[in-house]
Each structure stands twice: as structure tokens, then as C-alpha cells.
Amino acid sequence: MRAYNFSAGPSTLPFDVLEEAQREFLDFSGTGMSVTEISHRNKAFEAVVNESESLLRELMNIPEDYAVIFVQGGASTQFAAVPLNLMHRGKADYLVTGNFAKKAFQEGKIYGDAACVASSEDKTYTYIPDLANVAFRKDTDYVHICSNNTIFGTRYIEFPQTEAPLVADMSSEILSREIDVSKFGVIYAGAQKNLAPAGVTIVIAKRSLIQEPLAVCPTMLKWKVQDENKSLYNTPPCFSIYLANLVLRKLKGMGGIQAINEINEYKAGLLYDFIDNSPFYTNKVEKKYRSIMNVPFVTPSAELDDAFVKSAAKEGLVSLKGHRLVGGMRASIYNAMPVEGVKALIAFMKKFETENK
Ligand SMILES: *Cc1c(COP(=O)(O)O)cnc(C)c1O
């Protein structure tokens, strides 16, 4: 039996996509070879990269003057790539709304005057700071945010209006809701949460901003170079890009991001409603900022939390343990988590509550 996998990342992928990959694993596109064996310069693979790019452009409505590239090193490498491509005046503002946002900020400090202009650390990142009260500095090269906070289960409802280009880490929510890309200078996302296996990271960047990376920027981290080489400057993570391509086709077939967002809102709504109506389970996030991708919750005690995670796993509901910084449970319900998976989780939560209250 296939498990319902609530892992925060790498995470569940659409079952029919996995089956399709399995079907054509030994003979990709009539080449007589697996996609993991062919050259990245092979026409059949170039077609995969090109189609992935154009599907992303179409699904996210990405303006033409933006580069769309597939790179390696995970979102964590982009924490360095952001200053290395953009920090011309040596100054950037960061909003620290979680663990990854903090890591990005700390990486920024290596390269220049990075400042934390707003933080929600005072309440263990259970909210997004009031954007109207953020004192952005003058002459900053960019403002960095993390739009969905994977560990703490918060997300921005609206985005800061900034003079400097807005840079967003969207690793745990890319393609889950409609985003106006033109409001951002750069968007990046490790694909292993909502799109593909680990190994590929997507960068969407306004071309006019990325023409002069800092002199010390490694060639591999120059977005301009990756853009000019259509993500084929060196050997890319071929299999991850291939699987991303299959997932993107599926998302298009489902009716695009608006349709997917409706399903995501529905799934998250079921889970939050259940938690809110239960005296047994609690979600500590300020309601307005609740993520529809990552839902942390606790029972009345740490012992019960442990018991919950263990007995849920026995019933095929796996990877529900919360991040070590938060404890409790976390259900990551990305695009590929079916509604039935969320319903099965809720049914289990009901049963566990009855047995343990
Ligand atoms: C998972 C995650 C990261 C780290 O991604 P890696 O690919 O492991 O470097 C960064 N930011 C966010 C928001 C994440 O969810």
C-alpha cells in the first residue's frame, strides 16, 4: 500500500507522474536509454528543459523580460547567490519570519550590510510582521522575504511594497497559489517541496537586475550565465528537471494554478477547521497567516505527540513529526497530497483524540 506522505521535503509527488516516469524509465523518448543516461546536450533532453521553462512561464504568467533557470545547490545556495548577483551597493534588507529566512539573512551578512528590518522571532515565528510598520532602509539593493515558512506554518497574505527589488524564497509554496511575478525582482525555490525530487532549484529573475553579478560571484552562481546558457552551462540535474516537467504538465492539465489553489485552500480548510473545533489539537499560528502548505499542530502533551506520530505511521500516515525547532506534528499538504490523504489524516486525528482524551 502506498503511504500518505506528509513530509516537508523531499515530499510526495503525484502518483500518476511516478508511474509515467516508471513506464518510460528504460526507454526515454525513443532514445533506447534512460533519461538518467543520456547527454544533457541530447535533443530529447533539451526538449525537456525547454518545455519545463515554457510551462513554468505559462503557469505562473512570467513576463518575457524575466529569466527562468534551473540550477543546483538547493535554495540554500541561493541564499548566497542573491547577494552575489544583486548586492552592488553592499546593502540589503531582510524580513526574518522563520528558520530559512534567518539563514538567508545570515548568508547575506557575509557579503555586505544586511539588516533584519522585521522579525517574528519574539513569538516563535507564529505570525508575519505588520508590513505597514517596517522601516525599509534607503538605497538597499534588495529586500528579501521567505513567502511561506515551512517549519512554522506561516505565509504572507500580501507582499511588502518596496522601492528596492523584492526577492522571495518560495521553496515551500511555488505553484500553489497565484503570484504576480511582476511584483518581484527575483523568486527562487528548491523544487523538492512542491514540484520535483531534490536536486533542482528554480530561479525566476528580472533580466535587467542580473546583468552585473559581483566580481567575486562564482560563474556557476551567475544567474546571467545560467540564463544565457538556457540552464545548460554545465550538467544540470537531469532527472529532477525531467520529473519537474512531468509535474508541470500535470498541473497544466488540472487547469493551472487557480484551480490548484482552490484545491489547496479546500484541503487546508478541512484540516484547520477540524483542529479549531477540537479541544485536543492546537495550531499556534495567528489565523490570518496560516500556511496552506505546512500545518503544524500539537496535542495536549509531548508524550501524546510522540504516540500520535508513531501510531499514525502504523496506519500509513507518515512523516508527521514536527521540525525539531517546533516539536509536535506538521502535516505538509503540498499540491501532490490528495484530498483523500487529508481526509484520512483527519479521520485518524478523530480516532486518536477519542482514544486519548
Ligand atoms: C526547504 C527550504 C529551504 C532549503 O532548501 P534546500 O534545497 O535544502 O537548500 C529553503 N527555504 C525554504 C522556504 C524551504 O522550505
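Atoms within a ligand are numbered from 1 in the order they appear, just like the ligands themselves. Basis for what follows: all heavy atoms, side chains included, without hydrogens, waters or symmetry-related copies.
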Asker: Classify the angle between the aromatic ring planes of F297 and Y281 as parallel (below 30°), tilted (30 to 60°) or perpendicular (above 60°).
Answerer: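 Because their plane-to-plane angle is over 60°, the rings of F297 and Y281 count as perpendicular.
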Asker: State whether the number of non-hydrogen atoms from other residues, nucleotides or ligands found under 6.0 Å of E163 atom CD is greater than 12.
Answerer: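 No.
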Asker: Is a donor from one side chain sitting under 3.5 angstrom from an acceptor on the other, for Y94 and Y142?
Answerer: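 Yes, a side-chain donor-acceptor pair sits under 3.5 Å.
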Asker: For a 4.5 angstrom cut-off between non-hydrogen side-chain atoms, does V167 reach I145?
Answerer: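 No, every pair of side-chain atoms sits at 4.5 Å or beyond.
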Asker: Which heavy atom of the protein is the closest neighbour of atom 5 (O) of ligand 1, given with residue, atom name and distance?
Answerer: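 Looking only at protein heavy atoms, the one closest to atom 5 (O) of ligand 1 is A75 CB, 3.6 Å.
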Asker: Are E107 and K103 close enough for a salt bridge, meaning some N to O gap below 4.0 Å?
Answerer: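 No, E107 and K103 are not salt-bridged.
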Asker: Take every heavy atom of G9, measure it against each atom of ligand 1, and state whether any distance is under 4.0 Å.
Answerer: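 Checking ligand 1 against G9, which is what was asked, there is no heavy-atom contact under 4.0 Å.
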Asker: In ligand 1, which numbered atoms sit nearer than 4.0 Å to a non-hydrogen atom of G74?
Answerer: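 Reading through ligand 1 atom by atom, the close ones are 7 (O), 9 (O).
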Asker: Show which atoms of ligand 1 fall inside a sub-4.0 Å distance from at least one heavy-atom site of F79.
Answerer: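 By the 4.0 Å cutoff, the relevant atoms are 10 (C).
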Asker: Distance under 4.0 Å to a non-hydrogen atom of S172: what atoms of ligand 1 satisfy this?
Answerer: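 Near S172, the atoms of ligand 1 are 15 (O).
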Asker: Write out the residue and atom name of the closest protein heavy atom to atom 9 (O) of ligand 1, then the distance separating them to 0.1 Å.
Answerer: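 The closest heavy atom on the protein side is S76 OG, 2.6 Å.
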Asker: Would you please say whether a donor-acceptor pair under 3.5 Å links the side chains of Y242 and E24?
Answerer: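 A donor-acceptor contact under 3.5 Å links the two side chains.
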Asker: Taking the six-membered ring for Trp, are F28 and F45 closer than 6.0 Å centroid to centroid?
Answerer: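 No, ring centres 6.0 Å or more apart.
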Asker: Any atom of ligand 1 sitting under 4.0 Å from a heavy atom of Q192?
Answerer: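 Contact check Q192 vs ligand 1: positive.
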Asker: Could you tell me which atoms of ligand 1, counted from 1 in the order shown, lie closer than 4.0 angstrom to a heavy atom of C146?
Answerer: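 Checking each atom against C146, I get 13 (C).
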Asker: Under 4.0 Å from a heavy atom of T150: give me the atoms of ligand 1 that qualify, with their elements.
Answerer: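 So the answer, numbered in order with elements, is 12 (C), 13 (C), 14 (C), 15 (O).
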Asker: What is the closest protein heavy atom to atom 4 (C) of ligand 1, and at what distance does it sit?
Answerer: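 For this ligand atom, the closest protein heavy atom is F100 CE2, 3.6 Å.
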Asker: What class does the angle between the rings of F184 and F159 fall in, given that below 30° is parallel, 30 to 60° is tilted and above 60° is perpendicular?
Answerer: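 Plane angle over 60°, so perpendicular.
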Asker: Does the pair K224/D227 count as a salt bridge with the N-to-O cut at 4.0 Å?
Answerer: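 Looking at D227 together with K224, the answer is no, because their closest N to O distance does not fall below 4.0 Å.
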Asker: Please classify the Y188 to ligand 1 contact at 4.0 Å (heavy-atom distances, strictly less than): side chain, backbone, both or neither.
Answerer: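 It is neither part, as no heavy atom is under 4.0 Å.
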Asker: Which residue and atom name correspond to the protein heavy atom nearest atom 11 (N) of ligand 1, and how close is it?
Answerer: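 Looking only at protein heavy atoms, the one closest to atom 11 (N) of ligand 1 is D169 OD2, 2.6 Å.
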Asker: Distance to 0.1 Å, residue and atom name: give those for the protein heavy atom nearest to atom 14 (C) of ligand 1.
Answerer: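 So the nearest neighbour among protein heavy atoms is K193 NZ, 2.9 Å.
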